[in-house]
Amino acid sequence: MTTVHDAPFPVEEIPRVPHAEAIELARSQNEAFVRELKRLEPADWDRVTDCAPWTVHDVAVHLLGWAEAVTSPKEFFRQTKETLRVRRQWSNIVDAQNAVQVEEGRHLPPEEILTRLERVLPRFAKLRGRVGNVLKPIPTYNGLLGFVSLGFVADTIFTRDTFMHRIDIAVATGKEMEQGPQEKRIVADCMKEWGKAAKANARVVLGGPAGDDYRVGVGSAATIQASAVDFARLLAKRPRGESVAIEGDTEAAEKWIAIGCRF
């Protein structure tokens with residue numbers, strides 16, 4: 001269990017992530033993702049993740065598919081054509097495109113996935129760095145996120161997606177996930193968004209290298225304790241980890257947690 005400190009940090013005072021920092025976070029998550037894939041045993045690639053029925057292999061080709069689509073107009077339009085063909089089988093177009101990426105990548109051996117990821121991910125981050133500010137004010141509708149700006153997708157959502165899928169793989173394989181200041185920054189940014197959306201009144205004490213002691217609202221109705229990884233899983237609608245504990249107004253805390261965060 002984590003230690004409750006005397007002075008929790010108010011989430012409304014967490015600074016927003018500026019564009020330049022967002023791109024550095026993107027690079028850090030891309031690089032960590034590849035390093036962690038390289039440490040997997042052959043059997044690990046077939047383990048089912050919290051995104052069931054997706055396996056570790058499926059998660060890897062999903063992220064590869066998005067990176068190649070965004071960096072190649074030809075690949076983007078090819079994926080779009082296939083996505084529209086299967087669109088009616090899915091609740092929204094994003095899920096349909098994810099499914100296309102996973103199905104088309106099922107035949108790829110891990111060595112090829114890693115080679116292609118190492119080739120495309122630096123281009124992916126560089127492209128996002130060039131266009132993030134330009135796209136910032138342009139609205140778009142995402143089947144999972146609702147109305148958001150393209151800049152928010154480029155700067156924030158892709159990075160959170162990689163971060164969360166790193167957690168999915170670590171949980172599925174039992175391998176330790178790298179955590180440091182970059183992961184702590186991503187969690188803090190999620191805490192700021194969640195606190196505003198949920199209008200919670202809680203103290204949230206997150207353990208581990210990516211954790212901190214936060215105050216949401218007045219912070220008096222409930223105390224939520226968890227590892228930073230397990231709380232991120234909750235906000236992303238993943239299964240509840242063993243470290244999660246709630247004291248105080250449990251019913252209210254569960255409602256606040258259910259609001260989640262955009263991943």
Side-chain angles (χ1 to χ4, degrees), residues 25-70 94-95 97-122 124-125 144 156-187 189-190 206-211 226-244 260-263:
L25 290 175
R27 292 193 181 100
S28 77
Q29 295 311 294
N30 290 345
E31 291 167 2
F33 181 66
V34 172
R35 285 195 300 271
E36 288 161 359
L37 287 181
K38 286 182 174 180
R39 293 201 293 265
L40 297 180
E41 303 295 332
D44 289 332
W45 289 80
D46 294 325
R47 299 190 189 281
V48 178
T49 69
D50 282 342
C51 302
W54 283 9
T55 64
V56 170
H57 185 283
D58 294 336
V59 167
V61 295
H62 155 64
L63 291 182
L64 173 63
W66 272 113
E68 291 185 338
V70 172
V94 177
D95 282 343
Q97 186 159 355
N98 292 342
V100 166
Q101 293 161 351
V102 169
E103 185 60 34
E104 292 184 345
R106 285 226 163 93
H107 70 284
L108 296 178
E111 295 78 12
E112 183 176 344
I113 294 171
L114 285 166
T115 297
R116 287 166 62 175
L117 281 169
E118 289 185 303
R119 181 172 62 243
V120 74
L121 287 179
F124 188 30
L144 297 177
T156 303
I157 292 301
F158 279 127
T159 297
R160 288 182 184 175
D161 193 43
T162 304
F163 170 67
M164 184 50 56
H165 284 315
R166 289 178 56 214
I167 294 175
D168 293 333
I169 290 172
V171 171
T173 63
K175 299 289 193 297
E176 186 173 352
M177 182 183 120
E178 298 176 20
Q179 296 183 55
Q182 293 83 10
E183 288 72 23
K184 184 172 182 176
R185 187 69 169 102
I186 293 169
V187 171
D189 189 50
C190 291
L206 304 182
S227 70
V229 164
D230 277 348
F231 197 70
R233 291 173 70 201
L234 280 181
L235 296 186
K237 314 296 187 181
R238 299 319 198 248
R240 184 176 300 245
E242 294 180 356
S243 70
V244 179
C261 184
R262 293 173 293 183
F263 278 91

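E36 contributes no side-chain N or O that, together with a main-chain N or O of M177, makes up a donor-acceptor pair within less than 3.5 Å. In this structure a side-chain-to-backbone donor-acceptor pair under 3.5 Å is missing from T162 to N30. Judged by distance alone, with hydrogens and angles left aside, the side-chain atoms of R160 form a donor-acceptor pair with the main-chain N or O of R262 at under 3.5 Å. Distance alone, capped at 3.5 Å, is enough to place a donor-acceptor pair between the S243 side chain and the S227 backbone.
V187 places none of its side-chain heavy atoms less than 4.5 Å from the side chain of F231. The shortest distance between side-chain heavy atoms of I186 and Q29 falls below 4.5 Å. Residues F163 and L25 are not in side-chain contact: their nearest non-hydrogen atoms beyond the backbone lie 4.5 Å or more apart. For the pair R233 and P239, the minimum side-chain heavy-atom distance is below 4.5 Å. Residues V61 and R106 have side chains not in contact (no heavy-atom distance under 4.5 Å, counting atoms from C-beta outward). Counting heavy atoms from C-beta on, the side chains of W54 and N98 come closer than 4.5 Å. Proximity of R238 to V171: side-chain heavy atoms (C-beta onward) are nowhere separated by under 4.5 Å. Within the 4.5 Å cutoff, side-chain heavy atoms of V229 are placed close to those of Q179.
Considering all non-hydrogen atoms of both residues, E242 and D230 come closest at N-OD2, 3.7 Å. Closest non-hydrogen pair, M164 versus A232, comes out as CE-O, 3.4 Å. Shown here for W45 and L37, the closest heavy-atom pair between the two residues is CZ2-O, 3.9 Å. Minimum interatomic distance between A32 and E178 (heavy atoms only, all atoms of both residues): CB-OE1, 4.0 Å. In this structure, P122 and E118 approach most closely via the heavy-atom pair CD-O, 3.3 Å. H165 and C51 make their closest contact through CE1-SG, 3.8 Å (heavy atoms, listed as atom of the first residue, atom of the second, distance).
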**Request:** Applying side chain to side chain contact (heavy atoms under 4.5 Å, CB included), run through R47 and L40 and close with a yes or a no.
**Result:** CA-CA 11 Å; R47 299 190 189 281; L40 297 180; over 6 Å; no
**Prompt:** Going through the distances and angles, do D58 and H62 end up as a side chain to side chain donor-acceptor pair (under 3.5 Å)?
**Reply:** CA-CA 6 Å; D58 294 336; H62 155 64; over 6 Å; no
**Request:** Report the C-alpha distance between R35 and K38 in whole Å, list the side-chain angles of each, state the deciding distance to 0.1 Å, and finish with yes or no for side chain to side chain contact (heavy atoms under 4.5 Å, CB included).
**Result:** CA-CA 5 Å; R35 285 195 300 271; K38 286 182 174 180; 5.8 Å; no
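Remark: K175 engages D44 in a side-chain hydrogen bond (donor to acceptor under 3.5 Å, both in side chains) (not counting sequence neighbours). Evaluation of the ring pair (Phe, Tyr, Trp, His ring centres under 6.0 Å) rule for F124 yields F158 as partners, not counting sequence neighbours. The side-chain hydrogen bond (donor to acceptor under 3.5 Å, both in side chains) test applied to Q97 returns Q79, not counting sequence neighbours.
In this structure, CG on D46 lies 12.5 Å from OG1 on T173, to the nearest 0.5 angstrom. Between the CD1 atom of I167 and the CD atom of E183 there is a distance of 9.0 Å, given to the nearest 0.5 Å. Atom OG1 in T156 sits 12.5 Å away from atom CG in D161 (nearest 0.5 Å).
A salt bridge is absent between E31 and R27: the closest approach of a Lys/Arg side-chain nitrogen to an acidic carboxylate oxygen does not fall below 4.0 angstrom.
Here the rule is side-chain contact (heavy atoms from CB on, under 4.5 Å) with E68, and of L121, V120, L117 only V120 fits it.
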